[in-house]
Chemist: 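What follows is a single structure, and I will ask about it in a moment.
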Amino acid sequence: MSNVLLQLKNVSVRFDDDQILKSINLDICDKEFVTLLGPSGCGKTTTLRIIGGFVEPDSGEVLFDGKNLLDVPSHKRAVNTIFQKYALFPHLNVYENVAFGLRVKKTPEDVVKKTVKEMLSMVNLKGFERRNISTLSGGQQQRVAIARALAVNPRVLLLDEPLGALDLKLRKDMQVELKNIQKRMGITFIYVTHDQEEALSMSDTVVVMNQGVIQQVGSPEDIYNEPVNAFVADFIGESNILDGVMLEDYKASFSGHVFDCLDKGFDKNEAVDIVVRPEDVDVVEPEKGMLCGTVSSVTFKGVHFEIIVDINGFKWMIQTTDYSPVGANIGLYIEPDAIHVMKKSEYSGAYGDYSSFSDEIDKLSELNDGES
Amino acid sequence: MKNNNSAKTQSEKKRSLSGILLSSPYLVWSVIFIVAPLFFVVYYAFTDRNGNFTFDNISKLGDYTGIFIHSIWIGLISTVICLVIAYPMAYIMARSGARRQKTLMMLVMLPMWMNLLIRTYSWMTLLQDTGIINNLISAIGLPRIHMIDTSFAVVVGMVYNFFPYMILPIYSVMSKIDNNLVEAAQDLGCNKLNVFRKVLFPLSLPGVVSGITMVFVPSVSTFYIAGKLGGPSNLLIGDVVETQFKASNNYNLGSAISLVLMVLILICMAVMNKFADDDTNMIV
C-alpha cells in the first residue's frame, strides 16, 4: 500500500444549509480496498459521488495520480461506479449492457466480444448474454452491473452500497466474490456501506465517517481494537464505554476498581473513555470477579448468550457461552489487553451504555439507513 | 385472524362480482357507442339504399383518391411538426425542477380547457386576410399574406389543437426515466450527446410512438378544422364523410369512406409500430 492514487484535500460540500462534508482529507492507495463506513447522512455517498464526478465540492482539491481530477468531466475519468440500484439499461440485454462502455469508446467488435465474454464469465453469468434485464434476479443484476463497470477497465471502482438490496446469504457470497474480483483485477475499490461487518470483512482500509467528518482511518483490526473515540467504538461492533480515570501509565480506574491495562501516554489522573468489548469479559464467581453485578436480561443469540449486567447502575453487555439466569449475581473478570483507553471527545457519554438497549431500536435505525 | 382464510375466499368472490358490476357501465357503453356503430358502418358500406349487398360504394372510392392522399399528407405534416416541437419541449420539461414542470404543464394544458370550435374560430380571426396577424403586418408596412383557406392554415389548426396529445405521452415517459441511468451512461464514457443518443432517446421511444398515434389518427380523420381554416379547396376526407352523411344523405358512401379510412389508419399504425419494434429489437 505504498503509492497514493487518489487524494482528497480539504474537501467541503454544502447543500443549501446542510454542511455535508467538513474539510475531508483522505489518501487512497493503488490496488487498495477502501471502505467508507458510517451512518446515513454521514457524507460517505457524497464523497463517492465527488470522486465519480457527480458532485462538485465547494472547496478543496481532488488529485488522481497527482493530477487535478475536478476539471475532468465524469465521462473522461478512469473511475467507474456501481450504483446502489444497479442502473442497468432496460432497453438493452445483458450483452449490450456489458458492452455499453466499450461501444461508446468505439472498440473494435472482436475486442468487445472477447471482453464481454471474459467479464460475464468472471461474474458467473455465462450463457446470460441474450437475457433481458427485467428477467434477472437482484443478485444477477448486481453481477451485470459489476461486469459492465469492469469491462471498461477502470483504475478505480466505486461501489455505493452495492449489496444493500440483497438478502443476507447472497450478500455474504457477494462479499467474498467482490473481494476476489478486486484481487484478480488488481484495481482500487472504494466501497460505501453502513454495514460494519461488511466493512470489516472486506476492506484493507476502513474510513469511519460521521456528520461529514472522518473519525478514523485504519485497518479493520485497528478500527475494532483501537477506536479513537466513543462514536467509532460504538459504531463498529458492540462496546461498553465507561467514564474512567487514567491514574498513571498502565493503570486505569473505572466502575470503582483499578485495572491493569496496556495503555500509556496520558496525563496523570486524566479523565478518559474506557472501551471493553462484550466478548472480552469473562464471567466468574462473584468472589473472584473484579466487578460484581446482577444479570438483568439474557438473550440467546445462537453462538453465544448476550447478557446485560447491572453494575452500580451501569448496564454492561457481555457475550458469553455460559448461561446465567436473570437475577443471578455474577463476577466479571477483565484481562489487561481487553481494556482500551480513549481520549475524551465530543461523543463521550453519548454511547456505550446498554440501559436503553433493545434489538428493536437497532433494527429501526437500520431501516432508516436507506440513504441515497 | 383465524377466520382469515374463509374471509379471503369470500372477499375474492365478492371482488369478482363487484368487478363485473363495476365494469358493466363500460361494457354497456362500449357496446352501444363502439361495437354497434362499427357494425353499422360495415353494414352501410356494403349495401345500397335499398339494403341490398353491393360493392358499388367501395368501387366509387376511386374518385376520392386525391382527397385521401391529401388528408394523409396533411396528417403526416401536422404529426411531424407536433413531434419536432413537442420532443425538445418534453425533454426540457422532464429535466427541469418540480415547480417549473408544473407551470409548463399548465401552459401546455391551458388551450385544452377551451372548446375546439372556439379555438378554431379564434384561428380564423387570426389568419384571415383582414385578421389580426395581417393587420399587424400591414401596420408595420409589409404586404398582407394570404393565409386563410390554405393548407398552411389547416396544418396550423391541427398542430395547435393536437399538440398536447403529442407532448403529454412523451413527457410522461421521459419524466419516468431514472436519473441513475443518465449518470451510469456518463460514468461509462458518454458525453451529453451520447447520453441522449444511447439512453434517453431509445427509452423515450414508447412515448413518441403513442404521441404519434394520438396526433396522426385525429388529424387524418378530423373534419371541422379543415372546413373552417382550409376552405373548399382543402377539403379533407373527414369533411367528405360529413358531407355524405349530412348534405347528400348518402350513408352508404359515407360509411364506405369511413371504413376505408379506418383500414388505412390501422395500416399506417401497424407499419409504424413495426418500425418502432424493429428499432428497439435492433438495439437489443
Side-chain angles (χ1 to χ4, degrees), chain A residues 45 48-49 51-55 72-107 119 129-135 141 144-154 156-160 372, chain B residues 83 87 90-91 94-101 169-213 272-284:
Chain A
T45 297
L48 201 73
R49 288 173 64 79
I51 300 169
F54 303 113
V55 171
V72 184
S74 67
H75 67 272
K76 287 189 179 151
R77 297 189 183 188
V79 165
N80 283 94
T81 309
I82 309 264
F83 293 86
Q84 208 167 10
K85 287 172 192 120
Y86 319 141
L88 298 175
F89 302 118
H91 59 298
L92 303 177
N93 65 13
V94 170
Y95 181 93
E96 288 300 325
N97 262 284
V98 178
F100 189 91
L102 297 167
R103 293 219 197 282
V104 173
K105 291 191 178 124
K106 304 237 178 340
T107 317
M119 289 301 141
E129 285 84 352
R130 300 280 143 213
R131 287 279 289 275
N132 199 312
I133 293 303
S134 55
T135 64
Q141 292 191 21
V144 176
I146 293 167
R148 184 179 70 175
L150 291 176
V152 290
N153 202 17
V156 177
L157 191 66
L158 309 175
L159 303 100
D160 186 3
S372 63
Chain B
L83 181 62
Y87 195 89
Y91 179 83
R95 302 262 123 208
S96 47
R99 185 174 291 182
R100 189 133 156 246
Q101 278 190 30
I170 300 179
Y171 163 75
S172 89
V173 168
M174 271 191 181
S175 60
K176 283 192 198 94
I177 295 176
D178 186 357
N179 196 46
N180 274 329
L181 294 178
V182 175
E183 288 189 354
Q186 285 175 346
D187 192 73
L188 292 163
C190 284
N191 55 22
K192 284 211 167 109
L193 181 70
N194 272 335
V195 169
F196 177 76
R197 222 162 50 86
K198 289 180 170 277
V199 178
L200 288 179
F201 181 69
L203 288 177
S204 68
L205 269 184
V208 172
V209 170
S210 64
I212 290 177
T213 313
M272 200 189 64
N273 280 323
K274 180 94 182 69
F275 266 118
D277 277 356
D278 277 359
D279 223 26
T280 38
N281 279 337
M282 244 156 59
I283 301 165
V284 169

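In what follows, every chain begins at residue 1, and chains take the letters A, B, ... in the order their sequences are listed.
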Chemist: Within the structure provided, determine whether A:Tyr86 and B:Asn180 are in side-chain contact (heavy-atom separation under 4.5 Å).
Modeler: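 No, every pair of side-chain atoms sits at 4.5 Å or beyond.
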
Chemist: Which answer fits A:Phe89, side chain, backbone, both or neither, if we ask what part of it has an atom under 4.5 Å from a heavy atom of chain B?
Modeler: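 Both backbone and side chain.
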
Chemist: Taking C-beta and beyond as the side chain, do B:Leu181 and A:Pro90 meet within less than 4.5 Å on heavy atoms?
Modeler: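 In contact.
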
Chemist: Name all residues meeting the side chain to side chain contact (heavy atoms under 4.5 Å, CB included) criterion together with B:Arg95; count only those two or more places apart in sequence or in a different chain, and write none if there are none.
Modeler: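 Scan of B:Arg95 (side chain to side chain contact (heavy atoms under 4.5 Å, CB included), adjacent residues dropped) gives B:Tyr91, B:Asn179, B:Val182, B:Leu200.
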
Chemist: Answer with side chain, backbone, both or neither: which region of A:Leu88 has an atom nearer than 4.5 Å to a non-hydrogen atom of chain B?
Modeler: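 The answer is the backbone of A:Leu88.
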
Chemist: Can you find a pair of side-chain heavy atoms, one from B:Lys192 and one from A:His75, that are under 4.5 Å apart?
Modeler: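 Not touching, per the 4.5 Å side-chain cut-off.
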
Chemist: Just how far is it from atom CG of B:Asn194 to atom NZ of A:Lys105, taken to the nearest 0.5 Å?
Modeler: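 Separation between the atoms: 12.0 Å.
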
Chemist: Can you say whether A:Arg77 sits under 4.5 Å from chain B via the side chain, the backbone, both, or neither, judging by heavy atoms?
Modeler: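 Neither the backbone nor the side chain of A:Arg77 comes within 4.5 Å of chain B.
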
Chemist: Top residue by heavy-atom pair count (under 4.5 Å) with chain A, among B:Asn191, B:Val195, B:Asp178?
Modeler: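 Of the options given, most contacts go to B:Asn191.
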
Chemist: Taking heavy atoms only and a threshold strictly under 4.5 Å, list by residue number the residues of residues 183-190 of chain B that touch chain A; give 'none' if the list is empty.
Modeler: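 Listed by number: B:Glu183, B:Ala184, B:Ala185, B:Gln186, B:Asp187, B:Leu188, B:Gly189, B:Cys190.
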
